[in-house]
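Predicted model, so just to flag it, every value in this text is computed and none were measured. When reading the values below, keep in mind they use all heavy atoms of this one structure, side chains included, and skip hydrogens, waters and symmetry mates.
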Amino acid sequence: MISRRPSIFIYAHQADASFLKEIRAGIEEENVASEVFEKEEADVNSLAFDAAGDSMMGSGIGISGVDVAMQMRGRRKDENVCLVHMPTFHQCRIIGSNSARVIKKQGLRDLDS
């Protein structure tokens with residue numbers, strides 16, 4: 001996947017639209033760009049792994065239905081930074097924020113706060 005500008009990639013398969021909106025809002029709050037790509041792949045681990053690998057920034061998010069995973073380039077496919085089934089809207093926003101914070105080398109926010 002080739003991007004026009006550095007951005008966090010979000011690979012989605014039948015993603016919950018509300019989750020996607022909150023994740024993108026969290027990324028935007030950190031002043032980082034994001035791009036969404038609809039994919040045929042349904043495995044959230046594969047989506048996140050591929051998104052991180054394809055993103056120039058090395059940070060990616062996979063969303064499959066109501067499952068959300070965040071991944072960083074260089075980690076194994078099954079070693080997500082986080083993986084949440086049916087996250088709250090607040091957790092979705094934090095996942096988006098954290099995906100931007102890791103590339104800015106800032107500490108991660110707690111999903112349960």
Side-chain angles (χ1 to χ4, degrees):
M1 190 65 47
I2 298 174
S3 177
R4 297 176 303 282
R5 61 185 174 150
S7 58
I8 294 170
F9 283 5
I10 302 170
Y11 284 0
H13 176 79
Q14 298 178 353
D16 181 290
S18 299
F19 290 175
L20 187 56
K21 178 181 175 185
E22 290 300 317
I23 288 168
R24 293 194 80 189
I27 295 169
E28 185 178 303
E29 285 174 355
E30 298 290 337
N31 295 313
V32 175
S34 66
E35 294 184 61
V36 178
F37 301 92
E38 185 66 31
K39 297 289 185 174
E40 292 296 320
E41 174 66 54
D43 178 60
V44 71
N45 294 310
S46 295
L47 290 167
F49 180 81
D50 292 345
D54 292 345
S55 169
M56 184 185 304
M57 298 181 122
S59 181
I61 296 174
I63 308 174
S64 183
V66 295
D67 293 318
V68 178
M70 183 186 124
Q71 181 63 277
M72 295 298 302
R73 184 182 304 127
R75 296 177 68 103
R76 289 194 331 236
K77 185 186 289 189
D78 59 344
E79 287 184 340
N80 295 303
V81 175
C82 71
L83 174 64
V84 184
H85 175 71
M86 297 237 2
T88 65
F89 291 150
H90 180 70
Q91 287 175 321
C92 287
R93 194 169 283 239
I94 290 174
I95 291 168
S97 172
N98 282 346
S99 68
R101 291 175 70 85
V102 294
I103 60 174
K104 292 167 46 174
K105 299 185 181 1
Q106 295 179 335
L108 300 182
R109 297 170 56 195
D110 185 2
L111 279 177
D112 297 322
S113 64

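Partners of D110 according to the side-chain contact (heavy atoms from CB on, under 4.5 Å) rule, which considers only residues two or more places apart in sequence or in another chain, are D112, S113. E28 meets the salt bridge (charged side-chain N to carboxylate O under 4.0 Å, His left out) test with no other residue; sequence neighbours excluded. Residues that satisfy the side-chain contact (heavy atoms from CB on, under 4.5 Å) test with F19, not counting sequence neighbours, are D16, V66, V68, P87, F89, C92. Residues satisfying the side-chain hydrogen bond (donor to acceptor under 3.5 Å, both in side chains) test with R24, not counting sequence neighbours, are S34. Not counting sequence neighbours, the partners of E29 by the side-chain hydrogen bond (donor to acceptor under 3.5 Å, both in side chains) test are R93. Partners of N45 according to the side-chain hydrogen bond (donor to acceptor under 3.5 Å, both in side chains) rule, which considers only residues two or more places apart in sequence or in another chain, are N80. For the side-chain hydrogen bond (donor to acceptor under 3.5 Å, both in side chains) test, residues two or more places apart in sequence or in another chain that qualify with K104 are E30. Every residue was checked against the side-chain contact (heavy atoms from CB on, under 4.5 Å) condition with R73, not counting sequence neighbours, and none meets it.
Between M57 and V32, some side-chain heavy-atom pair lies under the 4.5 Å cut-off. Within the 4.5 Å cutoff, the side chain of Y11 has heavy atoms near those of the D54 side chain.
The same ILVMFWY cluster, assembled from side-chain heavy atoms under 4.5 Å apart, contains both V102 and I94. Both L20 and I95 are assigned to one and the same hydrophobic cluster, defined by single-linkage of ILVMFWY side chains at heavy-atom distances under 4.5 Å. Hydrophobic clustering (ILVMFWY, side-chain heavy atoms < 4.5 Å, transitive): M70 and M86 are in one cluster. Put simply, F49 and I8 are part of two different groups of oily side chains (I, L, V, M, F, W, Y) that touch within less than 4.5 Å, one to the next. Using a 4.5 Å cut-off between side-chain heavy atoms of Ile, Leu, Val, Met, Phe, Trp and Tyr, with links allowed through other members, L111 and I63 fall into the same hydrophobic cluster.
A pairwise comparison of heavy atoms in Q71 and R76 identifies NE2-O, 3.1 Å as the closest pair. Among all heavy-atom pairs drawn from S59 and S99, the shortest one is OG-O, 2.9 Å. In this structure, A48 and A69 approach most closely via the heavy-atom pair CB-O, 3.6 Å. The two residues K39 and H13 come nearest to each other via the heavy atoms O-ND1, 3.1 Å.
Separating the CD atom in E35 from the CE atom in M56 is a distance of 9.5 Å, to the nearest 0.5 Å. The distance from atom OG of S55 to atom CD1 of I103, rounded to the nearest 0.5 Å, is 7.0 Å. Note that the CD1 atom of I23 and the CD1 atom of I10 stand 6.0 Å from one another [nearest 0.5 Å].
Note on residues 60-69: no pairs pass salt bridge (Lys or Arg N to Asp or Glu O under 4.0 Å), not counting sequence neighbours.
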N98 vs C82, side-chain contact (heavy atoms from CB on, under 4.5 Å): CA-CA, chis, key distance, verdict = CA-CA 10 Å; N98 282 346; C82 71; over 6 Å; no
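No option in V81, I27, L47 other than I27 meets the side chain to side chain contact (heavy atoms under 4.5 Å, CB included) test with I61.
Taking a 6.0 Å sphere around CD of Q106, one finds it holds more than 12 heavy atoms contributed by other residues, nucleotides or ligands.
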